[in-house]
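These notes are about the structure you will find just below.
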Amino acid sequence: MAKSIMLVDDSATMRKIIMRTIRAAGLSLGDIQEAGDGGEALEKIEQSPVDIVLCDVNMPGMGGTEFVEKLRSNSSYDNTKVIMVSTESADDFISSVLALGANGYIKKPFTPESIQQTLEPFMG
Amino acid sequence: MVTDVCFHDTLIEAASEVFETMMFMALEEVAPEDAHMEEDSLLSSITFTGALEGCLAICCGSQDAKLIAANMLGMEPEDDISMEDICDAMGEVSNMVLGSIKKRIADSVGEITVSIPCTVSGKMLDTSLGENANVTEEFVNLDGSLVKFQFFYKDN
């Protein structure tokens with residue numbers, strides 16, 4: 001069964017680009033939801049849980065790091081996979097976000113190959 | 001040390017990475033005397049602070065911005081693309097180019113923290129960070145579109 005996904009980014013353009021790139025990578029998806037920041041994402045997930053969240057880091061309102069912390073503080077979402085998508089590329093930062101409970105990290109700018117490589121393990 | 005960094009090369013390499021990866025657009029440098037910006041333009045800027053403080057500004061004509069947005073979104077330039085989407089796309093370009101610069105200068109300059117990008121449209125737009133700021137300014141041709149990059153910085 002295709003996985004449901006949520007795209008969290010304050011840029012609608014970036015959400016469209018990510019979606020287009022996922023399709024270009026040949027990955028099939030189920031339901032797709034979108035949110036403009038971490039707070040909106042949490043509200044929507046509470047109403048309609050998803051399998052995978054792709055989340056920006058630097059957003060107005062609730063950023064990606066706080067989103068991961070809050071999501072992981074609720075055991076109901078232990079099976080929700082969170083992939084961060086960001087221009088932030090420092091190894092220390094990436095390690096810290098993964099330690100908070102993110103399951104993967106995609107650096108911007110990205111290619112269909114880098115999206116596929118990161119997402120594929122969670123698509124089965 | 002800021003003096004260890006050649007911001008010209010850093011800016012060009014960072015911009016090339018973003019435009020080639022996300023938009024499949026090749027970047028070619030243009031001499032300032034050959035660069036004639038459209039009057040109607042979009043200016044996207046994003047500020048940073050930390051080891052350096054300053055601003056990256058990217059300016060181009062409205063039609064050129066539409067072409068860039070179309071390439072980002074996988075659309076044709078003649079497709080209907082809203083000004084909101086064009087500004088949003090330009091903001092993402094500035095966000096990604098600054099992210100790429102940040103990665104390239106981290107070892108020599110140190111860490112910087114980046115703001116949320118902002119894009120405005122208008123006529124003859126320009127940016128300044130005061131008289132004491134250093135600036136690296138580059139004009140590039142992107143598949144026929146002229147784009148101006150300005151990297152303003154002050155050493156902290």
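Protein chains get the first letters and strands the later ones, always in sequence-line order, with residue 1 at the start of each.
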d(M22(B) CE, T21(A) OG1) to nearest 0.5 Å is 5.5 Å
Do the side chains of I52(A) and L71(A) join up, straight or via other hydrophobic residues, at under 4.5 Å, putting them in one cluster?
no
For atom CD of Q117(A), is the number of surrounding heavy atoms from other residues, nucleotides or ligands below 6.0 Å larger than 12?
no
Honestly, the part of A89(B) sitting under 4.5 Å from a heavy atom of chain A is both
- Message: Set out, in order, the CA-CA distance, both residues' side-chain angles and the distance that settles side-chain contact (heavy atoms from CB on, under 4.5 Å) for L98(B) and T87(A), then state yes or no.
- Response: CA-CA 8 Å; L98(B) 185 56; T87(A) 59; over 6 Å; no
Check the hydrophobic clustering (I, L, V, M, F, W, Y; side-chain heavy atoms under 4.5 Å; chains of links allowed) and say if M25(B) and M75(B) are grouped together.
yes
What do you reckon, is NZ of K154(B) surrounded by more than 12 foreign heavy atoms closer than 6.0 Å?
yes
- Item | Over 12 non-hydrogen atoms of neighbours within 6.0 angstrom of CD in E69(A) | yes
- With a 4.5 Å limit on heavy-atom distance, are the side chains of K102(B) and E88(A) in contact? yes
If one checks every heavy atom of S100(B) against chain A at 4.5 Å, the contacting part turns out to be neither
CG of N95(B) to OG of S86(A), rounded to nearest 0.5 Å, is 7.5 Å
Can you tell me if D85(B) uses its side chain to pair, donor with acceptor, with the backbone of T13(A) under 3.5 Å?
no
Q | Enclosure of D34(B) CG (heavy-atom neighbours >12, cutoff 6.0 Å) | A | yes
| Heavy-atom neighbours of D79(B) CG exceed 12 at 6.0 Å | yes
Heaviest contributor of heavy-atom pairs below 4.5 Å to chain A, chosen from K103(B), M96(B), E111(B), is M96(B)
Honestly, the part of S89(A) sitting under 4.5 Å from a heavy atom of chain B is side chain
Closest non-hydrogen atoms of D88(B) and A12(A), given as atom of the first, atom of the second and distance, are OD2-N, 2.9 Å
### Query
Any Lys/Arg nitrogen of K108(A) or E92(B) sitting under 4.0 Å from an Asp/Glu carboxylate oxygen of the other?
yes
Q. Is the number of heavy atoms from other residues, nucleotides or ligands within 6.0 Å of CG (D92(A)) greater than 12?
A. no
(message) Any side-chain to backbone donor/acceptor pair from N58(A) onto V114(B)? Under 3.5 Å, distance only.
(response) yes
When the 4.5 angstrom heavy-atom criterion is applied to M59(A) and chain B, the contacting part is backbone
Next item on the list: Find out if a path of hydrophobic residues (ILVMFWY) with successive side-chain heavy-atom gaps under 4.5 Å connects V93(B) to M37(B).
Entry: no
Closest non-hydrogen atoms of R20(A) and N71(B), given as atom of the first, atom of the second and distance, are NH2-O, 3.7 Å
